[in-house]
Amino acid sequence: MRRTSTSHRRRSHRKASAGIALGAVAALLSVAVQTGPATADDQDSATASAAGKSADRGELPVKLSPTQRASLLRHADAAKATTADKLRLGAREKLVVRDVVKDRDGTTHTRYERTYAGLPVLGGDLVVETDADGATRQVHRASKFALKNVPTTAKVRPATAEKQAIKAADAAGAKKTDADKAPRKVVWLAQGKPVLAWETVVGGLQDDGTPNELHVVTDAATGKKLFEWQGIHNGIGNTQYSGQVTLSTAQTGSGYTLTDNDRGGHKTYNLGNRTSGTGTLFSQSSDTWGNGSPSNPATAGADAHYGAAETWDYFKEVHGRSGIRGDGQGAYSRVHYGNNYVNAFWDDSCFCMTYGDGSGNSNPLTSLDVAAHEMSHGVTSATADLVYSGESGGLNEATSDIFATAVEFHANNSADPGDYLIGEKIDINGDGTPLRYQDKPSKDGASKDNWYAGIGNIDVHYSSGPANHWFYLLSEGSGAKVINGVSYDSPTADGLPVTGIGRDKAALIWYKALTTKFTSTTNYASARTGTLAVAGELYGTSSAEYKAVADAWAGIAVGTRPGGGDPGTGKTFSNDANVTIPDYPGRAVTSKITTSGLSGKAPSGLQVGVKIVHSYSGDLQVDLVGPSGKAYRLHSVASDPTPDIDTTYTVNASAENANGTWQLRVQDRGPGDTGYIDSFKLTFP
């Protein structure tokens, strides 16, 4: 191994600070966009770098070596039958150990998949939290539904499921479609009660040239398509974007290769404009790579190799994670994919990052934040495995943007200073503007600033906007400011200010929630619950950090501020009468408010306060019904085991007359849990 640099530039001092087992590849862009080593004390100092309380050291993760992690995994595997008994799983269920995280106080977070009668259970993942004595403290489940009475004999033939899957891929514009392998029989648990299903994976190419890995789930009893998601997650060197940098390379005889034995043997390959295979490992007689220009193939190789190293260093130095899977094994990078390919992606099946050369093959997508974005998809896949569709898909994309920003600041490279812009170096739009903005995501013309009912129905690259916005607000706060020469002006959904706690703390909270609280089906509401739980563990529930987390979520229209905040100077109407919510399959119930003394239309920022006491909020479908009879979805049914709803929603009700009868309509859509509407409030700013 050699660590070489033509300039011997040293890094300046820096502070160290879910698919449902479904996802495999994530691309940086949606198709629509394309067309248009440290000590433990170092970590502590970083997490306490912002004003406020230092993190509880006991709640910080232990920096496990690959050997230590493997030992914990073996221990969990040996005890999985006992764990299943403690969780009261059925006789036909078995646990499969996926990951483990250990805190300094001895708390262990073990992540499991499940099988039923030997079949994989999609959406059956869970995280078991045990204390130092081995007692179970909490269990975070992707689904609350019991696995029982599931037939294991399919009525629908696998060939029928395969045909349906290929048809779905063709409809999405895929090319050269064909099933990668025969459909596999699974139990589908991600959207409610378990059903026997076929999972088919369709290969070929997507319409923009990205490899296709479309997963289609078909009901094995009826032939109905239940779900689909895309498995490909879109997302010394003289580099094009980061200047002259130090690279870790390997000497082989009289030459050198882009092999980083300091980081698990990570390798960087040249695909030579092909779209399949591994390519050729970059090798040459000189240990100086590239010339800073895209005309030299090794330039993109140097950028990708550098980005992989910086991302590895960030996760290891800051979060104690040794490699993407935490097992000390390196991934690999492939550059020069295709011709004029304007994208980059992570693929679980090859455990690799792949980069196109951009429009005109002149702007390879190998900048530092893009590399970090793609590698972070791998971290998500190895931990929460956020399904790459709906709200969890937006959170998956946002996770990669959040850590892309964290890596960029951590690298402290003067040629590419840290910022809250994604892809600002690769000129994806052809006008010098970045791909995404975290302070105000809507500046890209498509991303959303705030959560709203139905956001899970849009492209995951745009539904990521609110979580990106949350991270910026928590890191830096709202309002106008200049950071590293970049001007930002971040608004809030409720018009109230947010005070930031620093990006180191914000990233730590997100990472710990990702690895110990989130599951494959986590949505925005449960992401709020998970991050608040982490903030409470690290800093205390009365801390400024805990309040800031809640305020930042309220700032993107998810939940309320501690104490309620100030909803404005307008008029408020409320109904505090309790209304019992019948258990499923009971009818919907309503709480009504009649408004008067107002003029004209209702506002675009109508504040709807909802307080519901219920043992399982994921069962509930909640709508605001305006005087016209139009319904506005506030809360959708989801696999969210958290109790109660206590949230103020922002609704664009400008099509309604302000005066009239407004209704809060609630229906329980799942059996076994009960509750009541406690209060309903409308505030007209």
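The structure presented is a predicted model; accordingly, all values stated were derived computationally and were not measured.
No donor-acceptor distance shorter than 3.5 angstrom exists from the side chain of Tyr256 to the backbone of Phe282, with no hydrogens or angles considered.
Within the 4.5 Å cutoff, side-chain heavy atoms of Tyr332 are placed close to those of Tyr269. Between Leu368 and Tyr306 the shortest side-chain heavy-atom distance falls below 4.5 Å. In this structure the side chain of Pro364 reaches within 4.5 angstrom of the side chain of Pro294, judged on heavy atoms. You'll find the side chain of Ser322 reaches within 4.5 Å of the side chain of Trp312, heavy atoms only. Within the 4.5 Å cutoff, side-chain heavy atoms of Tyr420 are placed close to those of Phe409. Looking at Leu122 and Val186, their side chains come closer than 4.5 Å, going by heavy atoms from C-beta outward. Contact of the Gln68 side chain with the Lys63 side chain is not registered, since no non-hydrogen atoms from C-beta on lie closer than 4.5 Å. Side-chain contact check for Thr383 versus Arg321: some heavy-atom pair is nearer than 4.5 Å.
If you look at Tyr488 and Tyr472, their ring centroids are closer than 6.0 Å. Taking the ring centroids of Tyr355 and Tyr341, they lie at or beyond the 6.0 Å cut-off. Taking the centre of each ring, Phe403 and His373 stay at or above the 6.0 Å mark. In this structure, Phe351 has its ring center closer than 6.0 angstrom to the ring center of Trp346.
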Would you check, one step at a time, whether the test salt bridge (Lys or Arg N to Asp or Glu O under 4.0 Å) holds for Lys425 with Asp369?
-> CA-CA 9 Å; Lys425 287 281 190 177; Asp369 57 356; over 6 Å; no
Evaluate side chain to side chain donor-acceptor pair (under 3.5 Å) for Thr531 paired with Trp510, printing each intermediate quantity in order.
-> CA-CA 6 Å; Thr531 53; Trp510 191 261; over 6 Å; no
Kindly indicate, with the supporting measurements, whether the criterion side-chain contact (heavy atoms from CB on, under 4.5 Å) is fulfilled by His319 and Lys512.
-> CA-CA 9 Å; His319 301 298; Lys512 186 171 172 64; over 6 Å; no
Please test Asp287 against Trp289 for side chain to side chain donor-acceptor pair (under 3.5 Å), starting from the C-alpha separation and ending with a verdict.
-> CA-CA 6 Å; Asp287 207 8; Trp289 303 85; 3.0 Å; yes
Arg263 vs Asp260, salt bridge (Lys or Arg N to Asp or Glu O under 4.0 Å): CA-CA, chis, key distance, verdict | CA-CA 6 Å; Arg263 298 172 180 86; Asp260 191 342; 2.8 Å; yes
Stepwise side chain to side chain donor-acceptor pair (under 3.5 Å) check, Asn339 with Asn361 = CA-CA 7 Å; Asn339 186 39; Asn361 294 322; 2.7 Å; yes
For Ile402 and Gln438, what are the C-alpha separation, side-chain angles and deciding distance, and is it a side-chain contact (heavy atoms from CB on, under 4.5 Å)?
-> CA-CA 9 Å; Ile402 286 168; Gln438 291 183 298; 4.3 Å; yes
Between Leu281 and Thr259, does a side-chain contact (heavy atoms from CB on, under 4.5 Å) hold up when you go through it step by step?
-> CA-CA 8 Å; Leu281 180 65; Thr259 301; 3.8 Å; yes
Test Val216 against Gln164 for side-chain contact (heavy atoms from CB on, under 4.5 Å), laying out the working first.
-> CA-CA 8 Å; Val216 179; Gln164 181 189 78; 4.0 Å; yes
Begin from the C-alpha positions of Asp401 and Arg436 and carry the test salt bridge (Lys or Arg N to Asp or Glu O under 4.0 Å) through to its verdict.
-> CA-CA 9 Å; Asp401 282 351; Arg436 287 189 283 275; 2.7 Å; yes
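Going from atom CD of Gln240 over to atom OG1 of Thr299 covers 7.0 Å, rounded to the nearest 0.5 Å. With rounding to the nearest 0.5 Å, the separation of OG in Ser333 from NE2 in His305 is 8.0 Å. To the nearest 0.5 Å, atom CG of residue Leu514 and atom CG of residue Asn396 are 9.0 Å apart. To the nearest 0.5 angstrom, Ser381 atom OG is 6.5 Å from Arg98 atom CZ. We find the CG-CZ distance between Asp385 and Phe518 to be 14.0 Å, quoted to the nearest 0.5 Å. The distance from the CG atom of Asn343 to the OH atom of Tyr337 is 9.5 Å, given to the nearest 0.5 Å.
The two residues Thr522 and Ala527 come nearest to each other via the heavy atoms CG2-N, 3.7 Å. The two residues Pro66 and Asp327 come nearest to each other via the heavy atoms CB-O, 3.3 Å. The heavy-atom pair separating Leu226 from Trp188 by the smallest distance is CD1-CD1, 3.8 Å. Across every non-hydrogen atom of Pro417 and Glu408, the tightest pair is O-OE1, 3.5 Å. Across every non-hydrogen atom of Pro441 and Lys448, the tightest pair is CB-O, 3.6 Å. Contact between Ala382 and Ile324 at its shortest, heavy atoms only, is CB-O, 3.9 Å.
Here the rule is side-chain contact (heavy atoms from CB on, under 4.5 Å) with His410, and of Val318, Thr311, Asp504 only Val318 fits it. Of the candidates Lys481, Arg503, Lys505, Arg503 is the only one forming a salt bridge (Lys or Arg N to Asp or Glu O under 4.0 Å) with Glu476.
Side-chain N/O atoms of Asp262 and Ser248 include a donor and acceptor closer than 3.5 Å.
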